[in-house]
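See structure below.
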Amino acid sequence: MTIFKTTHQDTTSNARLGLLSLGHGVVQTPVFMPVGTAGTVKGIHHEDVARIGYNLILGNTYHLYLRPGLEVLQHYGGLHNFSAWDHNLLTDSGGFQVFSLSGLRKIEEKGVAFQSHIDGSRHLFTPESVVDTQAIIGSDIAMCLDVCTPPEISYKAAKEAMELTHRWARRALTHRNNHETMKGNLFGIVQGNFYEDLRKESAEFFNELDFPGLAIGGLSVGETKEEFIHFLAHTAQYVTKEKPRYVMGIGSPDYILEAVEQGIDMFDCVLATRMARNGALFSDDGILVMKKAQFKFDDGPIEEGCTCRACTQYSRGYVHHLIKAKEMLGGMLATEHNLTYFYRLMEKIRFAIANNEFASFKRAYLERFYRTK
RNA sequence: GGAGAGGUACCCAAGCGGCCAAAGGGGGCAGACUGUAAAUCUGUUGGUUAUACCUUCGAAGGUUCGAAUCCUUCUCUCUCCA
């Protein structure tokens with residue numbers, strides 16, 4: 001069963017419009033997904049996330065498994081109900097967490113053994129257990145457990161990680177297809193590190209399997225922007241265009257534009273929400289670091305035309321004050337602003353694609369965003 | 001009026017003869033943040049013609065090769081007693 005259809009192909013790039021049909025509604029692509037690691041998009045009500053327009057957010061298997069734990073999630077009938085989120089939910093498998101918590105982990109054929117960052121307790125994730133966990137969470141899109149690797153590892157290590165990712169993917173798919181209660185879709189994750197032939201091999205491997213969608217993983221893990229762009233484009237050319245294509249872990253507006261240009265349909269990133277909490281707000285004229293003294297007496301909105309609460313109800317000076325004073329409302333308003341900004345950016349991107357002018361839109365956007373004022 | 005404690009950089013505060021332009025906080029300023037161990041972290045914070053020199057630890061004077069540190073006087077603040 002296909003869950004995705006392309007509705008328009010931009011004539012100036014590989015960018016495309018699509019519709020992604022999931023358990024909690026249809027998602028317009030390209031789509032940016034806010035990250036709600038531990039069952040909450042930090043600093044904002046789920047109600048407000050939905051009000052902005054989002055109908056697909058992330059959760060994280062690793063974090064939710066450790067806390068609140070499967071018993072609690074089962075008690076509440078899944079994360080949708082538990083967190084009052086009535087729209088779509090994608091959960092990351094924990095592959096990235098296991099990678100970023102290196103030192104505590106041990107990767108074996110059967111799965112990955114790791115220690116909790118919370119209390120040091122020992123746990124094992126297998127391709128099968130991670131599918132089970134995401135079934136309990138109730139994910140509309142579940143991700144395979146993968147082996148995510150950093151830049152500058154050897155070819156041999158990269159190849160081994162990729163091959164293990166592939167074996168795990170087969171096991172996860174088999175398990176999912178025999179699963180009695182899982183309703184969500186399971187996506188595969190292309191790996192291959194920063195080696196062109198491995199990326200090609202991994203993409204072709206996943207194209208052959210019966211996943212309803214595919215992700216490109218192992219990018220945005222510390223490589224340069226040039227490497228990111230190169231390996232994104234290189235990998236994307238081999239990943240089937242018949243399925244939704246998801247680049248994990250990006251990004252900033254410039255990274256998102258690069259991804260959309262390569263025909264990527266989905267991406268998620270903590271950047272918008274984390275930077276908001278740290279006092280950096282996005283605008284078409286670049287990033288505003290709100291703690292700067294220049295905003296102290298600034299009566300204007302964060303961004304003219306923005307529809308968020310921060311922009312429609314408060315001045316830059318007030319937000320500046322809240323951020324400086326470390327008031328909770330500051331991070332909340334900033335989060336709402338950045339998520340609104342990214343939502344509107346995606347709307348503009350989709351509009352540009354619909355009008356076959358993505359290439360010029362991208363150029364003009366970046367020119368303005370990085371123009372020094 | 002008496003007794004005691006104390007005045008250190010933008011603020012609080014350590015230092016109590018040389019390793020002190022002076023710990024640590026805070027505040028200020030700057031930077032970072034990309035499948036969230038982050039409402040976090042990092043750098044910087046007397047001046048200059050800058051691996052050195054100049055000015056600075058309430059004020060003035062003194063002891064010493066050398067003083068934020070010891071002595072004298074003055075001054076201001078706080079606490080207790082009358």
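Naming convention: chains lettered A, B, ... in sequence-line order (proteins, then strands); numbering from 1 in each chain.
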Legend entry - Inter-nucleotide C1' distance (B:A67, B:U63), Å rounded: 10 Å
Atom CG of A:Leu281 and atom C1' of B:A39 are separated, to the nearest Å, by 13 Å
> Checking all strands, does A:Gly251 fall into the base, sugar-phosphate, or nothing category for heavy-atom contacts under 4.0 angstrom?
Replying inline: base
| said: Under 3.5 Å, is there a donor on one side chain and an acceptor on the other for A:Asp254 and A:Ser252? | reply: yes
In whole angstroms, the gap separating C1' of B:A32 from CZ of A:Phe282 amounts to 13 Å
Among B:G35, B:A39, B:U34, the one nearest any side-chain atom of A:Ile189 is B:G35
Next on the checklist: With rounding to the closest Å, how many angstrom separate the C1' atoms on B:U8 and B:C16?
Outcome noted: 12 Å
*Is there a side-chain polar atom (N or O) of A:Ser220 under 4.0 Å from OP1 or OP2 of B:U34?*
no
| request: Select base, sugar-phosphate, or nothing to describe what A:Lys42 touches, counting heavy atoms under 4.0 Å on all strands. | output: base
note: A:Met275, atom CE; B:U34, atom C1'; distance rounded to Å ~ 10 Å
Taking atom types as modelled, find out whether A:Thr165 and A:Asp146 have a side-chain donor-acceptor pair closer than 3.5 angstrom. no
Atom NE2 of A:His117 and atom P of B:U36 are separated, to the nearest Å, by 11 Å
RNA chain B nearest-nucleotide lookup for A:Glu327 and A:Thr37: closer to the 5′ end is A:Thr37
Under a 3.5 Å limit on both distances, the Watson-Crick or wobble mate of B:U72 is B:A60
By the Watson-Crick or G-U definition, both distances under 3.5 Å, B:G17 is matched with none
Exercise. Name the nucleic acid region contacted by A:Gly95, choosing base, sugar-phosphate or nothing; use a 4.0 angstrom heavy-atom cut-off, strictly under.
Key: nothing
By the Watson-Crick or G-U definition, both distances under 3.5 Å, B:G24 is matched with B:C12
Among B:U40, B:U34, B:G31, the one nearest any side-chain atom of A:Lys291 is B:G31
- Atom C1', compared across B:C57 and B:C70: separation rounded to whole Å: 16 Å
When the C1' atoms of B:C76 and B:G25 are compared, how many Å lie between them, rounded to an integer? 26 Å
| query | Does the side chain of A:Arg277 get closer than 4.0 angstrom to OP1 or OP2 of B:U40 through an N or O atom? | reply | no
Would you say B:A32 has OP1 or OP2 under 4.0 Å from some side-chain N or O of A:Asn278?
no
Side-chain contact check for A:Asp268: nearest option of B:A39, B:G31, B:G35 is B:G35
Given the 90°-from-0 boundary between syn and anti, B:A37 should be labelled syn
May I ask you to verify whether the side chain of A:Ser100 and the base of B:U36 hold a donor-acceptor pair under 3.5 Å? no
Could you tell me whether A:Lys200 and A:Asp197 make a salt bridge, using a distance below 4.0 angstrom between a side-chain N and a carboxylate O?
no
>> Regarding B:G35, can its base be found pairing with the side chain of A:Asp146 as donor and acceptor, where the two atoms are less than 3.5 Å apart?
In response: yes
Between A:Phe358 and the options A:Asn14, A:Thr11, A:Leu257, A:Leu17, the side chain to side chain contact (heavy atoms under 4.5 Å, CB included) test singles out A:Leu257
request  = Determine whether any donor atom in the side chain of A:Lys324 lies under 3.5 Å from an acceptor atom in the base of B:G27, or the reverse, and answer yes or no.
outcome  = no
*asked:* In whole Å, measure the gap between the P atoms of B:C80 and B:C74 for me.
replied: 26 Å
Scanning all shown strands, the Watson-Crick or wobble mate of B:U51 with both distances under 3.5 Å is none
Assert: residue with more 5' nearest nucleotide on RNA chain B, out of A:Gly217 and A:Lys292, is A:Lys292
Verify the ring-centre separation between A:Tyr246 and A:Phe267: is it less than 6.0 angstrom?
-> no
Subject >> Distance-only polar pair, side chains of A:Gln134 and A:Thr91, donor-acceptor under 3.5 Å >> reply: yes
Any strand, both distances under 3.5 Å, Watson-Crick or G-U wobble: B:U34 pairs with none
Indicate, with a heavy-atom threshold strictly under 4.0 Å, whether A:Ser116 touches base, sugar-phosphate, or nothing. nothing
Taken to the nearest whole Å, CG/A:Leu56 to C1'/B:G35 is 13 Å
> Using a cut-off of 4.0 Å on non-hydrogen atoms, how would the nucleic acid contact of A:Ala276 be classed: base, sugar-phosphate, or nothing?
Replying inline: nothing
Exercise. Pick the C1' atom in B:A68 and in B:G15, then give their distance to the nearest Å.
Key: 8 Å
Check A:Glu109 with A:Arg167, please: is the shortest side-chain N to carboxylate O separation under 4.0 Å?
yes
From CZ of A:Phe96 across to C1' of B:U34 the rounded distance in Å is 9 Å
note: A:Tyr255, atom OH; B:G35, atom C1'; distance rounded to Å ~ 14 Å
Handout entry: C1' spacing across the pair B:A60 / B:G7, given as an integer number of angstrom
Key = 16 Å
Self-check item: Ring centers of A:Phe125, A:Tyr65 separated by less than 6.0 Å
Solution: yes
(message) Regarding A:Gln191, tell me which of base, sugar-phosphate or nothing describes its non-hydrogen contacts under 4.0 Å with the strands shown.
(response) base
* Determine the interatomic distance between C1' on B:G46 and the same-named atom on B:A21; round to the nearest Å. => 7 Å
Whole-Å distance, A:Gln97 CD to B:A38 C1', equals 13 Å
